[in-house]
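In what follows, a single structure is set out as structure tokens and then discussed.
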Amino acid sequence: MFTVAFSEEAVEDLDIALEYYRNISLALCEKFIKNFDETTLQLENIPYFQIRYDEMRLRKIKKFPVILHFTINSNKTVIVHGVRFAQQNPENYPKI
């Protein structure tokens, strides 16, 4: 089993996403939180998704256009570096 940790930048990104969905609908925000938590739990069990750039792996939040950008270190820790909307410019993706 792996531990999932969030960088400061990822926490800020998550706050932006939560605010975005909260402004649309509280019910939608709650659904986003539920799916986000499910995705995080998946990363605790099986984080070995394809490496997309640098050493960064990506995992989409189910039913939302939001992608977790993460790496795995040697201590079995999944480090989430960014929580980004899929339409964002790849030049703004998080760097290690």
Side-chain angles (χ1 to χ4, degrees):
M1 186 159 246
F2 292 78
T3 302
V4 177
F6 293 86
S7 72
E8 224 175 274
E9 184 178 6
V11 172
E12 291 171 8
D13 290 346
L14 179 58
D15 287 342
I16 291 168
L18 288 171
E19 182 178 337
Y20 175 80
Y21 290 117
R22 192 177 302 118
N23 286 334
I24 294 172
S25 157
L26 188 56
L28 184 62
C29 184
E30 289 172 358
K31 185 169 181 93
F32 174 75
I33 292 168
K34 179 180 179 256
N35 290 355
F36 180 86
D37 289 344
E38 288 174 2
T39 303
T40 302
L41 287 173
Q42 289 173 351
L43 293 180
E44 288 179 358
N45 295 307
I46 307 170
Y48 293 108
F49 294 91
Q50 179 181 6
I51 295 173
R52 296 300 184 105
Y53 66 96
D54 300 330
E55 290 297 313
M56 202 69 70
R57 299 168 191 268
L58 306 180
R59 181 70 175 142
K60 185 181 175 296
I61 304 293
K62 181 179 166 186
K63 297 186 180 182
F64 287 88
V66 177
I67 300 172
L68 300 181
H69 296 249
F70 66 95
T71 57
I72 304 169
N73 71 16
S74 60
N75 296 329
K76 294 186 85 171
T77 302
V78 173
I79 303 167
V80 179
H81 298 278
V83 179
R84 302 294 171 88
F85 287 95
Q87 298 88 347
Q88 283 182 312
N89 184 343
E91 292 177 8
N92 296 330
Y93 282 178
K95 308 285 188 261
I96 298 177

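The model shown is predicted, which means the values in this text are computed figures rather than measured ones. Computed over heavy atoms, backbone and side chain alike; hydrogens, waters and symmetry mates excluded.
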Practice problem: Given side chain to side chain contact (heavy atoms under 4.5 Å, CB included), test F64 with F36 step by step and report yes or no. | Solution: CA-CA 9 Å; F64 287 88; F36 180 86; over 6 Å; no

Discussion item. Between V78 and E44, is the side chain to side chain contact (heavy atoms under 4.5 Å, CB included) condition met? List the steps.
Written reply: CA-CA 8 Å; V78 173; E44 288 179 358; over 6 Å; no

Going through the distances and angles, do T40 and F6 end up as a side chain to side chain contact (heavy atoms under 4.5 Å, CB included)? CA-CA 10 Å; T40 302; F6 293 86; 4.1 Å; yes

For side chain to side chain contact (heavy atoms under 4.5 Å, CB included), just list the numbers for M1 and N45, CA-CA rounded to whole Å, side-chain angles, deciding distance to a tenth of an Å, and then say yes or no. CA-CA 5 Å; M1 186 159 246; N45 295 307; 3.1 Å; yes

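I67 and Y53 fall within the same hydrophobic cluster, where Ile, Leu, Val, Met, Phe, Trp and Tyr residues are linked whenever their side-chain heavy atoms come under 4.5 Å apart, directly or through other members. In the hydrophobic cluster analysis, where Ile, Leu, Val, Met, Phe, Trp and Tyr join through side-chain heavy atoms closer than 4.5 angstrom, L43 is grouped together with Y48. Note: the hydrophobic cluster containing I51 does not contain L58 (ILVMFWY, side chain heavy atoms under 4.5 Å, direct or indirect links). Residues F70 and L41 do not share a hydrophobic cluster, clusters being chains of Ile/Leu/Val/Met/Phe/Trp/Tyr side chains in contact below 4.5 Å.
From I46, atom CD1 reaches atom CZ of R59 across 9.5 Å, with rounding to the nearest 0.5 Å. Annotation: the span from H69 atom NE2 to I79 atom CD1 amounts to 15.5 Å, rounded to 0.5 Å. Note that CD1 of I33 and CZ of R22 are 7.0 Å apart. Values are rounded to the nearest 0.5 Å.
Proximity of N23 to E19: side-chain heavy atoms (C-beta onward) are separated by under 4.5 Å at one or more points.
For I72 against R57, the heavy-atom pair with the smallest separation is CD1-NE, 3.5 Å. Minimum interatomic distance between K62 and N35 (heavy atoms only, all atoms of both residues): O-ND2, 2.8 Å. For F2 against T77, the heavy-atom pair with the smallest separation is CD2-N, 4.3 Å. Listed here is the closest heavy atom pair of Y21 and L28: CD2-CD2, 3.6 Å. Shortest non-hydrogen contact noted between V4 and V80 is CG1-CG2, 4.0 Å. H81 and T71 make their closest contact through NE2-OG1, 2.8 Å (heavy atoms, listed as atom of the first residue, atom of the second, distance).
For the pair K34 and E30, the salt-bridge criterion is not met [side-chain N within less than 4.0 Å of a carboxylate O].
Aromatic pair F32/Y20: ring centres not closer than 6.0 Å.
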